[in-house]
Amino acid sequence: MDTFSTSQLQQICDDLAGPGWSLQPMALSVDFSRELAAECRRRAEQGALKTAGVGRAAGAQVQEGIRGDAIQWLEPGQAPVSDRYLALMDTLRGELNRQLYLGLEDFECHFALYEPGAFYQKHVDRFRDDDRRAVSAVLYLNEAWLAEQGGALRLYPEGVEPKDVLPQLGTLAVFLSANLPHEVLPSTRERLSLTGWFRRRGQAPF
Ligand code: OGA
Ligand code: MN
């Protein structure tokens, strides 16, 4: 069964309550991470991943100068392996609610593929017109990533040096969506991830 250990869950909660971001280098087993990577590649080969937009739903616009990844949202029932990931993240959602009283209602996530050279400019994950995203969680799906290949997630915590995270297979980065500016640096190789957000109840302004 795929589970987080008690100490992983505790570490993530403590980190979010403290600095506001958490890194788990071996969050998932290698096998599970590889299965997710294979699922992402399978979807890419089928043409299911589409150039991502900037902004929310209907207002989203493709702006290649800002972000250059191709994505597909996970929906329950698409594949056993993606369902297992959604179930796993639901256990993290429960723990965040229990320990930090965040009132997280759901988790939305998408596979993302950055072709060599693609990047995502510095941003925060909360939209101007929708503040439901509370906690961001990115799982990386790339074997044997080297620093010189670029592609780091660069976090900009307030008052300290920027922190680079390599998109290494099985690494999970979790951070508070509203407070932490970050960017994805261009890489020399294809870069796969599963990027998601725990959301609070809220009203979309229609
Ligand atoms: C995003 C994002 C980070 C990453 O999709 O909003 O910041 O490392 N992704 O893929
Ligand atoms: Mn982001």
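Every number for a ligand or one of its atoms is a count from 1 in the order of the listing. Note: hydrogens, waters and symmetry copies are ignored here, and every other heavy atom, side chains too, is used. Note that the coordinates shown come from a computational prediction; the quantities given were computed from them, not determined experimentally.
Both tests hold for Arg84 against Phe32: distance to the six-membered ring centre under 6.0 Å, angle to the ring axis within 45°. Because its NZ or CZ atom is both nearer than 6.0 Å to the ring centre of Tyr114 and within 45° of the ring axis, Arg191 counts as a cation-pi partner of that residue.
When each atom of ligand 1 is checked for a heavy atom of Leu153 under 4.0 Å away, the hits are 3 (C), 8 (O). Which parts of ligand 1 touch Trp197 is read off a 4.0 Å heavy-atom cut-off, strictly below it: atoms 6 (O). Every atom of ligand 1 with a heavy atom of Asp125 under 4.0 Å away is listed here by number and element: 6 (O).
Salt-bridge formation is not detected for the pair Asp125/Arg133: no Lys NZ or Arg NE/NH1/NH2 atom is positioned less than 4.0 Å from an Asp or Glu carboxylate oxygen. Look at Arg199 and Asp106 and you find a salt bridge, because one of the NZ, NE, NH1 or NH2 atoms lies within 4.0 Å of a carboxylate O, short of that distance.
With Leu28 as the partner, the side-chain contact (heavy atoms from CB on, under 4.5 Å) test is satisfied by one option alone out of Leu194, Leu139, Asp2: Leu139.
Scanning the protein for heavy atoms near atom 1 (C) of ligand 1, the closest one is Tyr120 CE1, 3.6 Å. Of the protein's non-hydrogen atoms, Thr195 CG2, 3.5 Å is the one closest to atom 5 (O) of ligand 1. In this structure, atom 3 (C) of ligand 1 lies nearest to the protein heavy atom Val184 CG2, 3.5 Å. Among protein heavy atoms, atom 10 (O) of ligand 1 sits closest to Arg191 NH1, 3.0 Å.
Contacts of Val165 with ligand 1, taken as heavy-atom pairs under 4.0 Å, are absent altogether. Using a 4.0 Å cut-off between heavy atoms, His182 contacts ligand 1 through its side chain alone, with no backbone atom that close.
Ring orientation note: the planes of Trp73 and Trp197 are tilted relative to one another, at an angle of 30° to 60°.
Side-chain N/O atoms of Gln10 and Gln99 include a donor and acceptor closer than 3.5 Å.
The two atoms that bring Ala37 and Leu141 nearest to each other are CB-O, 3.6 Å, heavy atoms only. The two atoms that bring Asp15 and Leu23 nearest to each other are OD2-N, 4.4 Å, heavy atoms only.
The shortest N or O to N or O distance between Tyr140 and ligand 1 is under 3.5 Å. Here's the thing with His110: none of its N/O atoms is less than 3.5 angstrom from an N/O atom of ligand 1. On a distance-only criterion, His123 and ligand 1 share at least one N/O pair closer than 3.5 Å.
Between Leu166 and Thr171, every side-chain heavy-atom pair lies at or beyond the 4.5 Å cut-off.
Annotation: side chain to side chain contact (heavy atoms under 4.5 Å, CB included) contacts of Pro181 (sequence neighbours excluded): Lys122, Val124, Tyr156.
By the criterion of a separation under 2.8 Å, the protein N/O/S atoms near the Mn ion (ligand 2) amount to His123 NE2, Asp125 OD1, His182 NE2.
The local environment of CD in Glu158 is sparse, with at most 12 non-hydrogen atoms from other residues, nucleotides or ligands closer than 6.0 Å.
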